[in-house]
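By convention here, the first residue in the shown sequence is residue 1. Not measured: the values here are computed from a predicted model.
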Amino acid sequence: MAANAKLQPVDPVIEKLESGEYERQLDLFQDIIDEAAAVLRQAHAAMKAENTLRS
C-alpha cells in the first residue's frame with residue numbers, strides 16, 4: 001500500500017521555515033538596519049556638533 005501512496009509536494013515556504021532560511025534573512029536584515037541606524041546617529045551627532053541641525 002505504501003507504494004501506491006502519492007507523495008505530497010513540499011511547500012517551498014515550509015521548507016524555508018524548517019531550514020532556517022527566513023531566520024537567516026531576518027538576521028541579515030536586522031544587521032542592515034542596525035548599520036543604517038548607526039550611520040544616522042553619526043550624522044545626527046555631526047550635524048549637532050556643527051550646530052546645523054534643523055527641525
Under 3.5 Å, which donor-acceptor pairs link side chains of residues 11-20 to any protein atom two or more places apart or in another chain?
from	atom 1	to	atom 2	distance (Å)
Asp11	OD1	Val13	N	2.9
Ser19	OG	Glu15	O	3.2
Ser19	OG	Lys16	O	3.3
Ser19	OG	Glu21	N	3.4

(message) Other members of the hydrophobic cluster containing Phe29, with the 4.5 Å side-chain heavy-atom rule, please.
(response) Ile33

(request) Could you pull out all residues at least two apart from Gln42 that satisfy side-chain hydrogen bond (donor to acceptor under 3.5 Å, both in side chains)? (result)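 With sequence neighbours excluded, Gln42 shows a side-chain hydrogen bond (donor to acceptor under 3.5 Å, both in side chains) to no residue whatsoever.
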
(message) Let me confirm one number: the CD-CD1 distance from Glu35 to Ile32, rounded to the nearest 0.5 Å.
(response)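 Nearest 0.5 Å value for the CD-CD1 distance: 8.0 Å.
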
